[in-house]
> 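Handing you this structure, nothing more for now.
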There are 2 protein chains.
Amino acid sequence: MTVISDMRDTASRRERSVDRIIHILEFLHGHGEGIRVGALAKALNAPRSSTYTLVNDLTQAGLLEIASDDQRIFFGKRMYLYGLNYIRENSLAKRARLEVDRLAKETGETSEFCMLQSGRYTIMYMRPGNRPFRISSAVGLQIPIPWTASGRLLLAGKSRAEIEELIADEDLVLPDGRRIAIDDFIRAIADAQRDGYCLTKGLVDAVTQCLAAPIYGADGHVEATICLVLPVDLSEEQLGALRDRLLQSSRMLSTQ
Amino acid sequence: MTVISDMRDTASRRERSVDRIIHILEFLHGHGEGIRVGALAKALNAPRSSTYTLVNDLTQAGLLEIASDDQRIFFGKRMYLYGLNYIRENSLAKRARLEVDRLAKETGETSEFCMLQSGRYTIMYMRPGNRPFRISSAVGLQIPIPWTASGRLLLAGKSRAEIEELIADEDLVLPDGRRIAIDDFIRAIADAQRDGYCLTKGLVDAVTQCLAAPIYGADGHVEATICLVLPVDLSEEQLGALRDRLLQSSRMLSTQ
DNA sequence: GACGAGTGTCCTGTATACAAGACATTTGTC
DNA sequence: GACAAATGTCTTGTATACAGGACACTCGTC
């Protein structure tokens, strides 16, 4: 039965609106900007009429909004408000947010709280430091796992096969065009697991290094990370002090 | 036809899952904390079996999460990530966020960006100031409109009937038990509209005053507000300077 | 001004998603 | 340890939500 249902052509069959909604939201998230309803239907390979009614319903509920100028639809105010509930009430997120604020204040450096969600790496919360840095507005965006120190920690404990399965080939290419060898990457994951932290230099850009520490869940696996975004030209002592402070936060958040 | 459909008993009829989903999310937002599936179904007067399948679908999609300890469901990570898209991409929200950060930095005072959504007042974004204040974590929560200076501006231009319609009776009662007379409230709205800003003292608590300025939309109505949360014991000059600075932000955000 | 491509709305038949209810477990209380 | 009140899963029939397609508009483009 499952075999048949898995095999049948998914292209054109009646679909529940729940699934349609989930697909719409996931598409918009990946797309990153507004899209007209017609184009949305085409992109999802969904019937136009159904898409129109669904989008209208979601828009009326405020989950989506239609740009008044070009009629493109995108996430709405309500979606934002609903989402805030998560970061406010979720136990780990709540504690992590406070700790990131504290860490940024004490060290003066940009601090972040990061997680993996369905194989994608995301900065969940960030507090900028005192340095006159470019403000990265990457909060909430999906970032290739190999680009980050946190990513190496989050994959700790996974087998080579799992890792290869999880990492898309193009994600191994850095913004400047360099390519990370998969063997180096897997070695870095093992190192990070052994050391209990991870430091990466000049990955996303040449002037920053990233120092990340794991946050362990109840079952002992790495549930999230907390990390510092630093300039590359720090002394060994400075870096060591920051690492000790970061590991303190890491332990604090790991112990339930 | 519409009359009949409006009149029929809404309690027990087949409902589309879109509507069920919207009701679930809206309920959770109002409820403010997790709830078991059974209780959710009862609260929404929805069939248990449908509620289970829907909640399971939404949980698998990450829009909802089930607390591992007591099986309560609440908003999930994905919902948060989707919501971040709004604040990142929405034109007004994007500009307002930057301006709030700038305002907080320049003045050293807690600054907020507020909106009305389906008759409820909400702090959309906040940046705390330098004062050792209690941090209000009311971002994203629904707050009674009469408790706030921004609320008075957001109702500008509405008729008495509309205002009475919009304000629930219990919302006129302040946290300390005092009750705002509806006539005073309506007068305050007119004053705020005339002055182009609004100052309220000791409404939510005795030691703070709130200074709010309107952000006008393309059609000339008050679309949002930007405001400062201040201690009550400021001098006239200090207050005047802050007001001028705030009105500058207000104009900046109003002009598309 | 004819044409193709797109948008948004409405109608209709039927495949199927939903509601109801049964069942096996778990949980808490006396 | 008996009982009531939950939870979570599964099956089934039928009311209806969805897909398809038609229609009337609005664009640009040649």
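Chain identifiers are assigned alphabetically (A, B, ...) following the order of the sequence lines, protein sequences preceding nucleic acid strands; residue numbering begins at 1 within each chain. All heavy atoms count here, side chains included; hydrogens, waters and symmetry mates do not.
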> Please figure out whether A:Ala39 or B:Thr53 has its closest DNA chain C nucleotide nearer the 5' end.
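First, find each residue's nearest nucleotide; the 5'-ward one identifies A:Ala39.
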> Please report, rounded to the nearest Å, how far the C1' atom of D:dA6 is from the CD1 atom of B:Ile35.
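Going from CD1 in B:Ile35 over to C1' in D:dA6 covers 14 Å.
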> Rounded to whole Å, how long is the line connecting atom CG of A:Asp70 with atom C1' of D:dT26?
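For the pair A:Asp70 CG and D:dT26 C1', the rounded distance is 16 Å.
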> Quick check for you: among C:dA20, D:dT7, C:dC18, whose closest atom lies nearest to any side-chain atom of B:Arg20?
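So the nucleotide nearest the side chain must be C:dC18.
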> OP1, OP2 of D:dC18 versus side-chain N and O of A:Ser17: anything below 4.0 Å?
yes
> Rounded to whole Å, how long is the line connecting atom CD of A:Glu15 with atom C1' of C:dA15?
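Nearest whole value for this atom pair: 14 Å.
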> Would you say B:Gln71 reaches C:dT26's phosphate, i.e. side-chain N/O to OP1/OP2 under 4.0 Å?
no
> Should the pair B:Glu112-B:Arg127 be classified as a salt bridge under the 4.0 Å nitrogen-to-oxygen rule?
no
> On DNA chain D, does the nearest nucleotide to B:Arg16 precede the nearest nucleotide to B:Gly38 from the 5' side, or the other way round? Give the residue.
B:Gly38
> Working note: A:Ile87 + A:Arg97, criterion side chain to side chain contact (heavy atoms under 4.5 Å, CB included); need CA distance, chi angles, decisive distance, verdict.
CA-CA 8 Å; A:Ile87 206 84; A:Arg97 207 158 30 95; 3.7 Å; yes
> Can you check side chain to side chain contact (heavy atoms under 4.5 Å, CB included) on B:Glu65 and A:Tyr86, steps first, answer last?
CA-CA 9 Å; B:Glu65 274 177 25; A:Tyr86 170 80; 3.6 Å; yes
> For the side chain of B:Arg48 and the base of D:dG8, is some donor closer than 3.5 Å to an acceptor across the two?
yes
> So, are A:Asp19 and A:Arg14 salt-bridged, with charged N and O less than 4.0 Å apart?
no
> Could you state the CZ-C1' distance from B:Arg36 to C:dT25, rounded to the nearest angstrom?
13 Å
> Between B:Ser50 and C:dA19, does any side-chain N or O lie under 4.0 Å from OP1 or OP2?
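Yes, B:Ser50 has a side-chain N/O under 4.0 Å of OP1/OP2 on C:dA19.
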> To the nearest Å, give me how far apart CG (A:Leu40) and C1' (C:dG6) are.
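Rounded to whole Å, this separation is 15 Å.
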> Measure the distance from CG on A:Asp19 to C1' on D:dA19 and round it to the nearest whole Å.
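Whole-Å distance recorded here is 16 Å.
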> Looking only at side-chain atoms of B:Tyr52, point me to the closest of D:dA19, D:dG8, C:dT9.
D:dG8
> Distance check needed: C:dA19 C1' versus B:Leu44 CG, whole Å only.
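Going from CG in B:Leu44 over to C1' in C:dA19 covers 15 Å.
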> Checking only heavy atoms, does the side chain of A:Arg14 share a donor-acceptor pair with the base of D:dA19 at less than 3.5 Å?
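By the distance-only test, no, there is no pair.
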> Send over the distance from A:Ile24 CD1 to D:dC18 C1', rounded to a whole Å.
13 Å
> Can you tell me if B:Arg72 uses its side chain to pair, donor with acceptor, with the backbone of B:Gly34 under 3.5 Å?
yes
